[in-house]
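One structure is given below, encoded as structure tokens.
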Number of protein chains: 2
Amino acid sequence: MQASSSTETEALAEALSRDLATFTNRLLQAGHRDLFAAIEKAGLTITQVKCLKVLCEADGALYLGAISDELGLSLPALSRAVENLVRRGHVKREEDPRDRRSKLVTVTSRGRATYEQLTALRLVGIKNFVAGLEPAEQEALAAAVGPVVRRLEP
Amino acid sequence: MQASSSTETEALAEALSRDLATFTNRLLQAGHRDLFAAIEKAGLTITQVKCLKVLCEADGALYLGAISDELGLSLPALSRAVENLVRRGHVKREEDPRDRRSKLVTVTSRGRATYEQLTALRLVGIKNFVAGLEPAEQEALAAAVGPVVRRLEP
DNA sequence: TATTGTTATACTCTATAACTATA
DNA sequence: TATAGTTATAGAGTATAACAATA
């Protein structure tokens, strides 16, 4: 295999980037409608779902301030979002015994179940997209994407 | 090469779908912040950008109703979005001479330029992601994604 | 006095309903 | 009478400012 020149490398990266932009557009459209419908049916907002995501991916309890930082939202906005999640039983909010100004937020099993249902629904959309690809295309994608995902997110 | 069994094929599709979900998450995060900052700086909302997108990808003028259908928004919401785009010179809105109840909306060169700047900015984020990949990973992705994009969107 | 979170207020975006103009 | 779009009004979500409780 020949070494590529710098300009060739750049051109490849440029073309690949454009293709990836188109590709992700397609992938996002898949099942978008169903997912939004399910979120609305669950009485949740996008912000509340993002909040659940952060909490599900965390190992334990998080402070309100930590969540608002993570999501780039104001503390009042997050406080209200959590308030709704508490009312619906998706999270619990408790005083930190070591600093009673702070509140610790934790996902409940119900909240985790809801989040996993939504994640599964998104996956359905992607699976439908994948099912529309030819076997050779699927194999090439798996061979290309798998290693990248494994390397970046272990 | 051996033919795969049905269950093997399904397992491949399942694993690939999961990887694609993770992969697109990464790709979307790249440059997300900068893009939103630029949209805000331009005095636009997400809805208005989507509106520009629809108009830029259309060949000519579109009726207000057609745009609201396309975006799944109410006519009043779209009417206000277009109103702002008109004020900022991104689109022009004219009576349809053949049915004076209807309004025809067209992107101006300024609106097109703005949309292209935003698209370019999104591409910058993706390019940064691609630049963080190894050459072999880039080549494998290009070989896998390119044909799919070409087949689905000519 | 500083910090964590909540409540008060104002603003934006959206949808439904009422309205105008044209067909 | 029906249709395309606008204006009126109300509801949800956010941010800034003011506040309460704790450190």
Side-chain angles (χ1 to χ4, degrees), chain A residues 32-33 35-55 58 60-88 90-106, chain B residues 32-33 35-55 58 60-88 90-106:
Chain A
H32 222 227
R33 282 286 197 284
L35 180 58
F36 279 6
I39 290 172
E40 190 180 359
K41 191 181 165 197
L44 299 176
T45 64
I46 307 294
T47 291
Q48 285 160 23
V49 174
K50 285 181 183 170
C51 197
L52 272 183
K53 175 183 161 79
V54 169
L55 286 164
L62 291 177
Y63 293 112
L64 271 180
I67 306 174
S68 70
D69 283 350
E70 176 74 21
L71 297 182
L73 286 170
S74 68
L75 204 43
L78 201 98
S79 179
R80 292 229 158 84
V82 166
E83 175 62 30
N84 186 21
L85 290 172
V86 169
R87 274 205 308 271
R88 292 176 183 278
H90 295 305
V91 306
K92 70 172 195 281
R93 177 182 43 183
E94 300 167 310
E95 253 182 20
D96 181 356
R98 295 184 305 176
D99 180 348
R100 295 177 49 217
R101 291 172 304 183
S102 300
K103 304 286 174 68
L104 286 165
V105 185
T106 322
Chain B
H32 221 229
R33 283 284 196 285
L35 180 58
F36 279 6
I39 290 171
E40 191 180 359
K41 191 181 164 196
L44 300 175
T45 63
I46 306 294
T47 291
Q48 286 160 23
V49 174
K50 285 182 184 168
C51 196
L52 272 183
K53 175 183 161 80
V54 169
L55 287 164
L62 292 176
Y63 293 112
L64 270 180
I67 306 174
S68 69
D69 282 351
E70 176 74 21
L71 297 182
L73 286 170
S74 68
L75 204 42
L78 202 97
S79 179
R80 294 232 157 83
V82 167
E83 174 62 28
N84 186 22
L85 289 173
V86 169
R87 273 205 309 270
R88 291 176 184 279
H90 294 307
V91 307
K92 69 174 197 279
R93 177 182 43 183
E94 300 167 310
E95 254 183 22
D96 181 355
R98 297 184 304 179
D99 181 347
R100 295 179 47 219
R101 293 173 301 182
S102 300
K103 304 287 174 67
L104 287 165
V105 185
T106 323

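Every heavy atom of this structure was used, including side-chain atoms; hydrogens, water molecules and symmetry mates were not. Residue numbering restarts at 1 for every chain, and letters A, B, ... go by the order of the sequence lines.
- A/Leu104 pairs with exactly one of A/Leu64, A/Asp96, A/Leu62 by the side-chain contact (heavy atoms from CB on, under 4.5 Å) rule, that one being A/Asp96.
- In this model, the phosphate group of C/dG5 is not approached by any side-chain N or O of A/Ser79 to a distance below 4.0 Å at OP1 or OP2.
- Residues passing the side chain to side chain donor-acceptor pair (under 3.5 Å) test with B/Lys92: none are found, sequence neighbours excluded.
- Rounding to whole angstrom units, CD1 of residue B/Ile39 and P of C/dT12 are separated by 18 Å.
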Which donor-acceptor pairs under 3.5 Å do the side chains of residues 67-83 of chain A make with protein atoms, sequence neighbours left out?
residue : atom : partner : partner atom : Å
A/Ser68 : OG   : A/Gly65 : O            : 3.0
A/Ser74 : OG   : A/Ala77 : N            : 3.2
A/Glu83 : OE1  : A/Arg93 : NH1          : 3.4
A/Glu83 : OE1  : A/Arg93 : NH2          : 2.7

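- Not counting sequence neighbours, A/Glu94 has no partner by the side chain to side chain donor-acceptor pair (under 3.5 Å) test.
- Contact between the side-chain N/O atoms of A/Arg93 and the OP1/OP2 oxygens of C/dT6 is found at a separation under 4.0 Å.
- For B/Arg101, the salt bridge (charged side-chain N to carboxylate O under 4.0 Å, His left out) partners two or more places apart in sequence, or in a different chain, are B/Asp99.
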Heavy atoms under 4.0 Å is the rule here; annotate nucleotides 15-23 of chain C 5' to 3' with B where the base is hit, S where only the sugar-phosphate is, and - elsewhere.
BBB---BBS
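- Taking every heavy atom of residues 62-69 of chain B and every atom of DNA chain D, pairs under 4.0 Å involve B/Tyr63, B/Leu64, B/Gly65, by number.
- One interatomic measurement links the two molecules: CZ of B/Phe36 to P of D/dT14, which rounds to 13 Å at whole-angstrom precision.
- Checked against salt bridge (charged side-chain N to carboxylate O under 4.0 Å, His left out), A/Arg100 has the following partners two or more places apart in sequence or in another chain: A/Glu95.
- Summarising the geometry, the separation between CD on B/Glu83 and C1' on C/dC13 is reported as 15 Å, rounded to the nearest angstrom.
- Contacts of B/Arg33 classified as side chain to side chain donor-acceptor pair (under 3.5 Å), with partners at least two apart in sequence or in another chain: none.
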Output side-chain donor-acceptor pairs under 3.5 Å for residues 35-47 of chain B, partner residues at least two apart or in another chain, one line each.
residue : atom : partner : partner atom : Å
B/Thr45 : OG1  : B/Gln48 : N            : 3.2

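- In this structure, CZ of B/Arg87 is placed 14 Å from C1' of D/dT6, rounded to the nearest angstrom.
- Over its full length, the helix from C/dT1-D/dA23 to C/dA23-D/dT1 turns its helical axis through 20°, comparing axes from the five pairs at each end and rounding to 10°.
- When each of A/Thr47 and B/Leu104 is assigned the nucleotide of DNA chain D bearing its nearest heavy atom, the one mapping closer to the 5' terminus is B/Leu104.
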